[in-house]
Protein chains: 2
Amino acid sequence: MSERNFMQLLENRWASGTAVCVGLDPDLAKIPKCIPPMDGAHRLYLFNRAIIQATHDLVCAFKPNVAMYEKYGEAGWAALRSTIEFAHEVCPEVPVILDAKRGDIGNTNEGYVIGSFGQLNADAITLHPYLGQEAMQPFLDQKDKGSIVLCRTSNKGAGEFQDLIVLDSGQKMFERVARNVATQWNVNGNCCVVVGATYPQELSHVRQIVGDMPILIPGIGAQGGDLEATVKNGKDSRGRGMIINSSRGIIFASNGDDFAEAARRETLALRDAINGYLKEAA
Amino acid sequence: MSERNFMQLLENRWASGTAVCVGLDPDLAKIPKCIPPMDGAHRLYLFNRAIIQATHDLVCAFKPNVAMYEKYGEAGWAALRSTIEFAHEVCPEVPVILDAKRGDIGNTNEGYVIGSFGQLNADAITLHPYLGQEAMQPFLDQKDKGSIVLCRTSNKGAGEFQDLIVLDSGQKMFERVARNVATQWNVNGNCCVVVGATYPQELSHVRQIVGDMPILIPGIGAQGGDLEATVKNGKDSRGRGMIINSSRGIIFASNGDDFAEAARRETLALRDAINGYLKEAA
């Protein structure tokens, strides 16, 4: 596994013609009845396995959100670990982003580094910027792993702190985060930022600030982000650079026996819609 | 367990004359040899058990940092869950703060709420402010559970974003976080803020902003915070309001067979030093 490099895997997947990231955020209450009702949290794994098998050739990344697993305690953690293991086996070419939104002081982050990259074998992790680069260095030092820093989040109330204007530069806080990540944090070329699809204007600002750095874009689908505006504002100078995530819109597209086929259909539709807008914008 | 209320437990512990919080941040590499070398992560629990037994009558809270457990995958999670369970059994009067520094969008935070309060049965959790109140509402809605929001962290590079001056008010970012938590987030009276002991000046500013809201203060001991300045700048109008955390300085006070007695000695010394400074300042 030591030869996996997040940025390289991502480039290869973009080259294959997809910017879709499938959010592996299963919910026991929504898992179809055709997944056998055995030990609770193990069903998360069985569900994910079917989704991974049905979609992996169409995606640039998978992104499990840790909250959906922590919810089930250590059994949830085991399901998360098995999910990532399965993805690496079936589609070693697809990077797995751990959506953990972690961030602590330096020596504590070393524990999270071991947990996410050692125990879980993820290829990248999402991070809070609030403690600053010095604290996040243990993540940034992992040259083969992606550090994906929250910048402008997709939620309605994201602006409470992220939109505050900083006196010294007249930039908004999220723009300052984008600037610092692009110009200071990215020494190893392994940083990305997060901007919600629900804020296409802000996405455009961040794209101007970070150049061709990859942007993870959640908020398509259930959260209501506009895909056309997202693609046009989010693409980099090469018409790439986006990891466009959809979770519920894909994995819960059907709650019947056809849930995996439905997930594939939605992934394909999203991939093609993105590629269509990219062509228009080229 | 439904009758536990974090703020009430904390008040009672302060009334008993202690502001010391012991950070349960064990490290397999530092656990004394007298803890039997059985299954790795289970030793974390055995170590914590001895620390809890030796110190619980002297503390206002225990604070396990989740990173130290995630590091060991699901076995670490099991050790964390057992640790909290044991603390609730042996000293139900002492609240347990999950130092998790979580923060995601609203519906995802519901997963973390179940994980931290349902699965792990913690009494409070530490949170990142970056996504704003609207996202953190699932935590804030848990009336009996503490929401402890990062404000000015203890690390060297904390100022990168936290010290930026916000144009509209001339406040620094961390002061704006303190203000919003005190005036908007705290509808249920269950909020606290975090300020590092390494920044006594900033601690004083935050105390002015938040009134008598409890402040969790890490950074004493190994991180080098000044205890006298911390107590004088951190106390509320009643000479209380502080949760002063020490982790390594207490739990690793000795690496011999006497580690639990050494932890008790250090806890007692810290408690008495805090109370001495409180008396001087009264």
Side-chain angles (χ1 to χ4, degrees), chain A residues 25 65-78 81 99 101-106 108-116 118-120 128-137 150 153-162 164-168 170 173 176-177 180 184 196 218 223, chain B residues 25 65-78 81 99 101-106 108-116 118-120 128-137 150 153-162 164-168 170 173 176-177 180 184 196 218 223:
Chain A
D25 303 340
N65 188 307
V66 182
M68 302 306 169
Y69 301 87
E70 277 190 26
K71 191 175 162 178
Y72 303 104
E74 54 259 38
W77 265 77
R81 194 170 43 70
D99 195 358
K101 300 187 176 69
R102 296 298 194 256
D104 207 302
I105 64 170
T108 307
N109 281 333
E110 286 167 17
Y112 284 130
V113 163
I114 297 171
S116 52
Q119 286 284 336
L120 293 175
H128 274 275
Y130 196 68
L131 276 76
Q133 176 181 10
E134 169 267 334
M136 307 314 277
Q137 203 60 48
L150 295 181
T153 54
S154 63
N155 60 305
K156 241 187 278 182
E160 181 175 346
F161 300 117
Q162 296 169 28
L164 290 175
I165 294 171
V166 176
L167 184 64
D168 63 3
M173 181 60 57
R176 174 62 73 97
V177 170
N180 287 12
Q184 297 167 27
Q223 294 183 58
Chain B
D25 303 341
N65 189 307
V66 182
M68 302 306 170
Y69 301 87
E70 276 190 26
K71 191 175 162 177
Y72 303 104
E74 55 259 38
W77 265 78
R81 194 172 42 72
D99 195 358
K101 299 186 177 68
R102 295 300 193 257
D104 208 303
I105 63 170
T108 307
N109 281 332
E110 286 168 17
Y112 283 130
V113 163
I114 296 171
S116 52
Q119 286 284 336
L120 293 174
H128 274 276
Y130 196 67
L131 277 77
Q133 176 181 9
E134 170 267 335
M136 307 314 277
Q137 204 58 47
L150 294 181
T153 55
S154 62
N155 59 306
K156 242 188 278 183
E160 181 176 347
F161 300 116
Q162 296 168 28
L164 291 175
I165 294 172
V166 176
L167 184 65
D168 64 1
M173 181 58 60
R176 174 62 74 98
V177 170
N180 287 13
Q184 296 166 27
Q223 293 182 59

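A note on names: the letters A, B, ... follow the listed sequences, proteins ahead of strands, and every chain is numbered from 1.
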>> Using 30° and 60° as the class boundaries, would you call the ring planes of B/His128 and A/His128 parallel, tilted or perpendicular?
In response: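 Rings of B/His128 and A/His128: parallel, under 30°.
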Show the nearest heavy-atom pair for residues [X] and [Y], with the distance to one decimal.
X	Y	result
A/Glu74	B/Ala78	OE2-CB, 3.5 Å
B/Arg102	A/Tyr112	NH1-OH, 3.2 Å
A/Gln162	B/Tyr130	NE2-O, 2.8 Å

> Of the listed residues (B/Val66, B/Asn109, B/Val166, B/Asp99), which shares the most heavy-atom pairs with chain A below a 4.5 Å separation?
Replying inline: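 Greatest number of close heavy-atom pairs with chain A: B/Val166.
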Is [X] in contact with chain B via its backbone, its side chain, both, or neither, using a 4.5 Å heavy-atom distance?
X	result
A/Pro218	neither
A/Glu70	both
A/Arg81	side chain

> Distance-only, no hydrogens or angles: does the B/Glu160 side chain make a donor-acceptor pair with backbone N or O of A/Leu131 under 3.5 Å?
Replying inline: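 Checking the backbone N and O of A/Leu131 against the side chain of B/Glu160, no donor-acceptor pair under 3.5 Å is found.
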>> Could you measure the distance from the CD atom of B/Glu134 to the OG1 atom of A/Thr153? Nearest 0.5 Å is fine.
In response: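 Spacing of CD (B/Glu134) from OG1 (A/Thr153) equals 8.5 Å.
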Engaged part of [X] at the chain A interface, taking heavy atoms whose separation is under 4.5 Å:
X	answer
B/Thr108	both
B/Gln137	neither
B/Asn65	side chain
B/Val177	both

> If you count heavy-atom pairs under 4.5 Å between each of A/Gly115, A/Ala158, A/Gly103 and chain B, which one has the most?
Replying inline: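 The answer is A/Gly103.
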> What option among A/Lys156, A/Met68, A/Gln184, A/Met136 has the most heavy-atom pairs under 4.5 Å with chain B?
Replying inline: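 Most pairs with chain B among the choices: A/Lys156.
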> B/Asp168 versus A/Leu164: any side-chain heavy-atom pair under 4.5 Å?
Replying inline: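 Counting from C-beta outward, B/Asp168 and A/Leu164 do come under 4.5 Å.
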